[in-house]
Number of protein chains: 2
Amino acid sequence: MKNILLHINKAFDHRIRLGIMSILMVNEYAEFTTLKELLGATDGNLASHIKALEKAEFIRIEKQFIGRKPNTKYYATDVGKIEFKKHINALEKLLKNNT
Amino acid sequence: MKNILLHINKAFDHRIRLGIMSILMVNEYAEFTTLKELLGATDGNLASHIKALEKAEFIRIEKQFIGRKPNTKYYATDVGKIEFKKHINALEKLLKNNT
């Protein structure tokens, strides 16, 4: 029998991760506070999902100082964009039969 | 700022749960082994996700004996069907801007 979840990527399998990638697909980059507000996530929760996506090399992090203030930007990588599109397609295929 | 994950239902926020609901939306019921094979899940993993969906009253379980063999069927409840459709709509809305 066919495994219908074959192309659903585990790395994106959480609403916070879906949200992060969604935001980074349409915006060049986002800052931590922006992600936090848009996703309604706590610092710790958001940080752990960011870490997982970074480890998978689906997002990259750019740290710099603006004056004396640290500033962190998050970007989707090319691989991240490609894999996220595949994931969305697999999700749509899975759900399409049910609406 | 708007929380873009507001209508994403936590109870469905795992690929195994999406898979279970997808199957039970298009089939009147499914047995444990069918779900297991279609989802490529282990017994323990599948059982814990079934339990969570049952607790939320999104699926119901029917146990009976066929001769001496126990037989368990899983059905989506009416509430489960309604909430899953809402979840799919929210997911589609979240992802639509990105493809």
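Lettering follows sequence order; numbering is per chain, from 1.
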Measuring from [X]:[atom1] to [Y]:[atom2], what's the distance to the nearest 0.5 Å?
X	Y	atom1	atom2	value
A/L35	B/I4	CG	CD1	9.0 Å
B/L39	A/N3	CG	CG	7.0 Å
B/H14	A/I8	NE2	CD1	11.5 Å
A/D13	B/R17	CG	CZ	10.0 Å

- Note on the structure: Heavy atoms of A/G19 and B/L5 approach each other most closely as CA-CD2, 4.2 Å

- Message: Check this for me: B/E57, atom CD, are more than 12 non-hydrogen atoms of other residues, nucleotides or ligands nearer than 6.0 Å?
- Response: no

- Message: Test of understanding: clusters of I, L, V, M, F, W, Y form through side-chain heavy atoms closer than 4.5 Å, transitively. Do A/I82 and A/I20 belong to the same one?
- Response: no

- Message: Let me check something: do B/L24 and B/V79 share a hydrophobic cluster, defined by ILVMFWY side-chain heavy atoms less than 4.5 Å apart, either directly or through other members?
- Response: yes

- Query: B/L91 versus chain A, heavy atoms under 4.5 Å apart: side chain, backbone, both or neither?
  - Reply: side chain

- Message: Clusters formed by hydrophobic residues whose side-chain heavy atoms approach within less than 4.5 Å: which one holds A/Y75, and what are its other members?
- Response: A/Y29

